[in-house]
Amino acid sequence: MSNKWTVNSEQSKADFMQHVSDMYDHHKYLTIDVKKGKPRTQKQNNALHKYLEQLSDALNEAGLDMKRTLKQDVEIPWTPVSVKEFMWRPVQKALYEVESTTKPKSDQYPKIYEALNRHTSMKLGIGLQWPDRGNHGN
């Protein structure tokens with residue numbers, strides 16, 4: 001029997017509960033790690049990283065570099081990682097109080113994107129469509 005279970009129906013819940021009961025009766029000690037909510041899909045993962053790449057490119061092309069306090073005049077180009085850390089993650093954390101980009105539920109990614117895209121559109125003049133199946137690369 002598998003050690004990984006997906007419980008998404010009354011039947012799978014009953015099967016899981018029976019499995020837990022059987023395992024406990026046999027071993028008398030269990031540690032169970034529960035993950036709530038449906039994780040992001042591979043398609044969402046690919047689209048997220050493509051969006052981060054496209055936004056970093058658009059910000060750089062618009063001359064909107066990252067300025068750090070290392071030296072006031074240092075221009076630091078955007079990268080997908082810096083967009084994730086300084087733009088996507090703060091919006092995600094504000095909306096859903098989760099740090100890792102793997103933690104939001106699949107229905108939360110569009111809402112994070114919409115909030116960030118609304119901001120970059122209104123404040124920076126850069127609005128991008130969420131990458132679809134045809135243009136997200138890997």
Side-chain angles (χ1 to χ4, degrees):
M1 262 255 159
S2 172
N3 289 328
K4 183 176 180 179
W5 286 74
T6 298
V7 178
N8 58 4
S9 68
E10 288 299 318
Q11 183 60 51
S12 61
K13 179 175 84 170
D15 293 345
F16 175 71
M17 297 304 286
Q18 184 61 53
H19 177 72
V20 168
S21 180
D22 293 346
M23 293 289 289
Y24 180 79
D25 290 345
H26 184 263
H27 298 285
K28 301 295 183 210
Y29 186 95
L30 300 174
T31 300
I32 299 171
D33 183 18
V34 176
K35 296 180 180 178
K36 300 174 289 220
K38 185 178 176 185
R40 71 180 175 198
T41 64
Q42 185 60 45
K43 181 180 172 185
Q44 284 176 317
N45 183 61
N46 292 346
L48 168 62
H49 287 93
K50 187 64 177 179
Y51 172 72
L52 297 171
E53 177 185 335
Q54 291 173 338
L55 183 53
S56 65
D57 289 345
L59 290 165
N60 289 327
E61 288 169 13
L64 299 168
D65 61 61
M66 293 179 63
K67 299 230 187 248
R68 292 278 182 115
T69 44
L70 298 173
K71 293 199 178 216
Q72 297 290 52
D73 298 327
V74 174
E75 291 183 6
I76 302 171
W78 287 97
T79 66
V81 172
S82 62
V83 168
K84 181 195 250 183
E85 294 304 317
F86 296 103
M87 296 182 91
W88 181 275
R89 196 179 308 270
V91 171
Q92 171 187 292
K93 193 170 180 182
L95 290 174
Y96 298 109
E97 298 181 358
V98 292
E99 191 74 30
S100 172
T101 59
T102 64
K103 298 299 181 197
K105 296 174 187 167
S106 61
D107 63 340
Q108 294 172 331
Y109 281 87
K111 294 173 182 147
I112 299 166
Y113 155 75
E114 288 165 6
L116 179 55
N117 193 56
R118 185 172 45 252
H119 171 75
T120 60
S121 295
M122 292 174 64
K123 300 288 185 182
L124 306 173
I126 295 175
L128 299 173
Q129 289 187 341
W130 183 252
D132 64 20
R133 175 179 264 178
N135 67 1
H136 61 65
N138 299 352

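Numbering of residues begins at 1 and proceeds along the displayed sequence. Keep in mind that what you see is a predicted model, and the values were worked out from it rather than measured.
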Test your reading of the model: is there a side-chain donor-acceptor pair from E99 to the backbone of K93, 3.5 Å cut-off?
no

Transitive ILVMFWY side-chain link W88 to F86, under 4.5 Å
yes

One should read off an interatomic distance between M122 CE and N117 CG, to the nearest 0.5 angstrom, of 11.5 Å

When every non-hydrogen atom of E53 is compared with those of P80, the smallest separation belongs to CA-CG, 3.5 Å

Tell me whether V81 is reachable from V91 by hopping between hydrophobic residues (I, L, V, M, F, W, Y) whose side-chain heavy atoms are closer than 4.5 Å.
no

To the nearest 0.5 Å, atom CD of Q92 lies from atom CD of E97 at 11.5 Å

Go through it in stages, so that I can follow the logic: the residues are R118 and S121, the test is side-chain contact (heavy atoms from CB on, under 4.5 Å), and I'd like the CA-CA distance, side-chain angles, deciding distance and then a yes or no.
CA-CA 5 Å; R118 185 172 45 252; S121 295; 5.8 Å; no

Ignoring hydrogens, what is the shortest heavy-atom contact between L30 and V20? Give both atom names and the distance.
CD1-O, 3.6 Å

Does NE2 in H27 sit with more than 12 non-hydrogen atoms of other residues, nucleotides or ligands closer than 6.0 Å?
yes

I'd like to know whether T101 forms a side-chain contact (heavy atoms from CB on, under 4.5 Å) with R40, so could you lay out the CA-CA distance, the side-chain angles of the two residues, the decisive distance to 0.1 Å, and finally the verdict.
CA-CA 9 Å; T101 59; R40 71 180 175 198; 3.5 Å; yes

V7 and M17: same hydrophobic cluster, using ILVMFWY side-chain contacts below 4.5 Å?
yes

Contact summary for Q44 and P110, nearest pair of heavy atoms:
NE2-CD, 4.3 Å

What's the verdict on side-chain contact (heavy atoms from CB on, under 4.5 Å) for H49 and K84, showing C-alpha distance, side-chain angles and the deciding distance?
CA-CA 9 Å; H49 287 93; K84 181 195 250 183; 3.5 Å; yes

To the nearest 0.5 Å, tell me how far S82 OG sits from M87 CE.
9.0 Å

So if you build clusters from Ile, Leu, Val, Met, Phe, Trp, Tyr with side-chain heavy-atom gaps below 4.5 Å, do F16 and V34 land together?
yes

Using every non-hydrogen atom in the two residues, find where V98 and P104 come nearest and quote the distance to one decimal.
CG2-CG, 3.9 Å

Hey, does the side chain of N60 reach the backbone of S56 with a donor-acceptor pair shorter than 3.5 angstrom?
yes

What's the separation between atom CG in L55 and atom CG in L116, rounded to the nearest 0.5 Å?
6.0 Å

Here the gap from R89 atom CZ to I112 atom CD1, rounded to the nearest 0.5 Å, amounts to 10.5 Å

For the side chain of Q18 and the backbone of D15, is there at least one donor-acceptor N/O pair under 3.5 Å apart?
no

Tell me, please, which residues at least two apart from N8 pass side chain to side chain contact (heavy atoms under 4.5 Å, CB included).
T6, S12

Indicate yes or no: at least one non-hydrogen side-chain atom of P131 is less than 4.5 angstrom from one of Q54.
yes

The reported gap from OG1 in T120 to CG in L59 (rounded to nearest 0.5 angstrom) is 7.0 Å

The complete set of ring-ring contact (aromatic ring centres under 6.0 Å, His included) pairs with one or both residues in residues 96-125, sequence neighbours excluded, reads Y51-Y113, Y113-W130

Under 4.0 Å between a side-chain nitrogen and a carboxylate oxygen: does that hold for K111 and E114?
no

